[in-house]
Protein chains: 2
Amino acid sequence: MLMYTDDLKSLCWTKVPMTQNINTGQGLRDLGEFGLIDLIARKSRPSSAVTIGIGDDAAAFHLHPNCLALATTDTLLEGVHFDLSFCDPARLGRKSLAVNLSDIAAMGGKPLSFLLSLAIPETISLDFLEAFSSGLLEIADEFGVSLIGGDTCASRGGLVIGITLFGGQEVQKLTRRCTARPGESIFVTGYLGDSALGLKLLREGHRDGDAISRHLDPAPRVHEGLALAESGLPCAMIDISDGLLSDLGHITGKSSMGARLYLDKIPLSREYSEYFGSDDHERYSLALGGGEDYELLFTAPTYRKCEIEKLFRNFGTPVSEIGEITAVPGILVLSAEGETVQGIATGYDHFLPRDVNRS
Amino acid sequence: MLMYTDDLKSLCWTKVPMTQNINTGQGLRDLGEFGLIDLIARKSRPSSAVTIGIGDDAAAFHLHPNCLALATTDTLLEGVHFDLSFCDPARLGRKSLAVNLSDIAAMGGKPLSFLLSLAIPETISLDFLEAFSSGLLEIADEFGVSLIGGDTCASRGGLVIGITLFGGQEVQKLTRRCTARPGESIFVTGYLGDSALGLKLLREGHRDGDAISRHLDPAPRVHEGLALAESGLPCAMIDISDGLLSDLGHITGKSSMGARLYLDKIPLSREYSEYFGSDDHERYSLALGGGEDYELLFTAPTYRKCEIEKLFRNFGTPVSEIGEITAVPGILVLSAEGETVQGIATGYDHFLPRDVNRS
């Protein structure tokens, strides 16, 4: 970024020492850009796979031998993707990486390292940044990924968090969206709709509970995605970020297929079921059309169901068969009575008006 | 992103077809998120090195054999990094990638592919996005890099452009910041200060001229950086983004060295020299403290100067020897008379007040 000065008072090269102690009362202006990078870098663990980490023009890292490089990026904007009155900074840090981990999981990849971009408004305190980076690097440690670089700047709008995550996998083990075939069963991990319910509860003024935790601190299915890919079980796979119908639509669209879904097989948590009671339309709208579940949605031959269930028992992660892939385009949702269910919304589009998205 | 609906009117899976024609009068709301991705994707050329490009959870790509993966990211914010009243969208697209290309050049790497994140306010038109993506993918073609993925969302603040660029290089050819040694000469490509002068002229109401072009459409020294790395000439290298003194400070700081700079050897363009006249303080403040030159700054043994000059003659790119690395920490700037020049500002820090940065 450009600066312009006509004030020639002192020549000394001044930068924030990389070993400076951070006082929590200190402001971002006292800390400076390099101090902030240091604040985050000091929490980050070195990795033998990373040849050059934070502090050069670019990061450099080895991939495992015979490995394809995988890369995914997600930018989270204050007021669009998160509301600072709802979320504490540590869980925001965790979620920022989790949404990217979920993308690598959906490819059946092993996550390796990531870059962090932060645009920070003046209203953000050092305490906030300490907690944010602690949460971020805590989940990074949990999944064995290293922070290897990034950039920081001041924002004149809200907080902007950009993460690019790298992973690796052998080409023949990658799980794509475009490879579903007719007759395959459709499986989903965990429970659906809890994250959307959590957001609804937050907006109603609640601050605790399982659904709210699922929304603020989702668990990416990294180990499950990798184990599925290693076993060669899935034919197509995606993570549910936009909503079940929308993301299943990505699989059927990319595969030039259709799908049948059985409403009574959609996995719902106890909290979710209790909240919505027995009205099916109320009950299933968030589970099918809500987003940010970060569960894995995949197709596999029906005869391999037992293998799949066994694999998931090892993780203690629920898995449900919820429908099948068809050769006829479009997604049919069927009730327990076998009737077509009309009119369930299809997911979030960032450029549609709020009243269409019902965000 | 979450959506919430209790309106169960229609079930059909609707998405914008990937082959849709874009009418320039069309709004972003008509186009939708997937239409926008398609608008950009259609301009992008496929590459044999990219196994999975746009349209899956993550991109997957091969590196050249025996190659380290390089990665760099830069986020450009409206109102911080660019002013839409100064820059046309095509040059903004070019510059967004150029600043990342310059980072890979500084590592001596070959740029390969990139991810694009866009957060777009309602005020941005489709015409703007067409021109932006044309400029972006034009410079991508010039340097042989492929767009392989990214994300898009609506912004409630200004336009946010995030790019993560990947490259590759053999580990022994990488050019680092931390490897300068005493006695090495310091070289810089091109002319310094033009970009900062261009910004000053834009703020004064001018809209044309070489300095303004240098600011709005900088030329990353990718071929030069790669050729230097392949020849094994540089001992340490960085690109000048924050300003000569600031970026030289990164080399001396990371290498635990100091430097002497000779003011009369700093390369200045004719437009720059004519603008500032003979007052040395005025004349050199932007060349030493301004930023966004995106020239290469490197150190090399003095006896290899002829080889370096020969290499740069092939590119038609000026190269100047401007000083030397010393064992004593700190950067000394010396006048033509050999006197120490006091008080030239050291570069831009995003978290310092504007009056300190004089931005």
Side-chain angles (χ1 to χ4, degrees), chain A residues 1-5 8-11 13 28-29 32-33 51 56-61 68-75 77 79 103-104 106-107 115 117 119 151 153-154 156-158 160 162 164 177 196 199 249 281 285 289-292 330-331 342-345 348-351 357-359, chain B residues 1-5 8-11 13 28-29 32-33 51 56-61 68-75 77 79 103-104 106-107 115 117 119 151 153-154 156-158 160 162 164 177 196 199 249 281 285 289-292 330-331 342-345 348-351 357-359:
Chain A
M1 185 64 190
L2 273 168
M3 50 82 59
Y4 170 60
T5 181
L8 307 178
K9 291 277 168 48
S10 97
L11 179 66
W13 166 246
L28 201 50
R29 287 184 175 187
E33 192 173 356
T51 307
D56 215 312
D57 291 285
F61 53 102
L68 267 182
L70 297 171
T72 183
T73 191
D74 262 309
T75 302
L77 279 79
D103 281 325
I104 296 292
M107 302 295 291
L115 299 168
S117 287
D151 74 326
C153 66
R156 292 183 195 167
V160 182
T164 301
R177 298 176 173 184
L199 179 58
H281 275 180
S285 62
E292 300 206 307
I331 298 173
Q342 298 292 326
I344 294 185
Y348 193 90
D349 187 309
H350 275 282
F351 301 117
N357 273 311
R358 302 293 162 109
S359 176
Chain B
M1 185 61 191
L2 273 167
M3 52 80 59
Y4 170 59
T5 181
L8 307 178
K9 292 277 167 49
S10 97
L11 179 66
W13 166 246
L28 202 49
R29 287 185 176 186
E33 190 173 357
T51 307
D56 215 312
D57 292 283
F61 53 102
L68 267 183
L70 297 171
T72 183
T73 191
D74 261 308
T75 302
L77 278 80
D103 280 325
I104 296 293
M107 302 295 291
L115 299 169
S117 287
D151 74 328
C153 65
R156 292 183 194 165
V160 182
T164 301
R177 298 177 173 184
L199 178 59
H281 275 180
S285 62
E292 301 206 306
I331 297 174
Q342 297 292 328
I344 295 186
Y348 194 91
D349 186 310
H350 275 283
F351 301 117
N357 274 311
R358 302 291 161 108
S359 176

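Below, read A as the first sequence line, B as the second, and so on, with proteins coming before strands; counting in each chain starts at 1.
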> Taking B:D56 for the side chain and A:R177 for the main chain, is one N or O donor matched with an acceptor at less than 3.5 Å?
Replying inline: yes
> What is the minimum heavy-atom distance between A:A196 and A:G290, and which atoms define it?
Replying inline: CB-CA, 4.0 Å
> A:G157, A:G162, A:S117: which one forms the most heavy-atom pairs within less than 4.5 Å of chain B?
Replying inline: A:S117
> Quick one: does B:D103's side chain have a donor or acceptor within less than 3.5 Å of a partner on A:A58's backbone?
Replying inline: no
>> Below 4.5 Å, heavy-atom pairs only: which of B:A106, B:G158, B:A59 has the largest tally toward chain A?
In response: B:A59
> After noting the C-alpha distance and the side-chain angles of B:L77 and B:T75, does the key distance pass the side chain to side chain contact (heavy atoms under 4.5 Å, CB included) rule?
Replying inline: CA-CA 7 Å; B:L77 278 80; B:T75 302; 3.7 Å; yes
>> What part of B:L68 gets within 4.5 angstrom of chain A, counting heavy atoms only: side chain, backbone, both, or neither?
In response: both
>> I'd like to know whether B:D57 forms a side chain to side chain contact (heavy atoms under 4.5 Å, CB included) with A:T72, so could you lay out the CA-CA distance, the side-chain angles of the two residues, the decisive distance to 0.1 Å, and finally the verdict.
In response: CA-CA 7 Å; B:D57 292 283; A:T72 183; 6.0 Å; no
>> Please rank A:V160, A:I104, A:D151, A:T164 by heavy-atom pairs under 4.5 Å with chain B and give me the top one.
In response: A:D151
> Checking B:L115 against chain A: side chain, backbone, both or neither under 4.5 Å from a heavy atom?
Replying inline: side chain
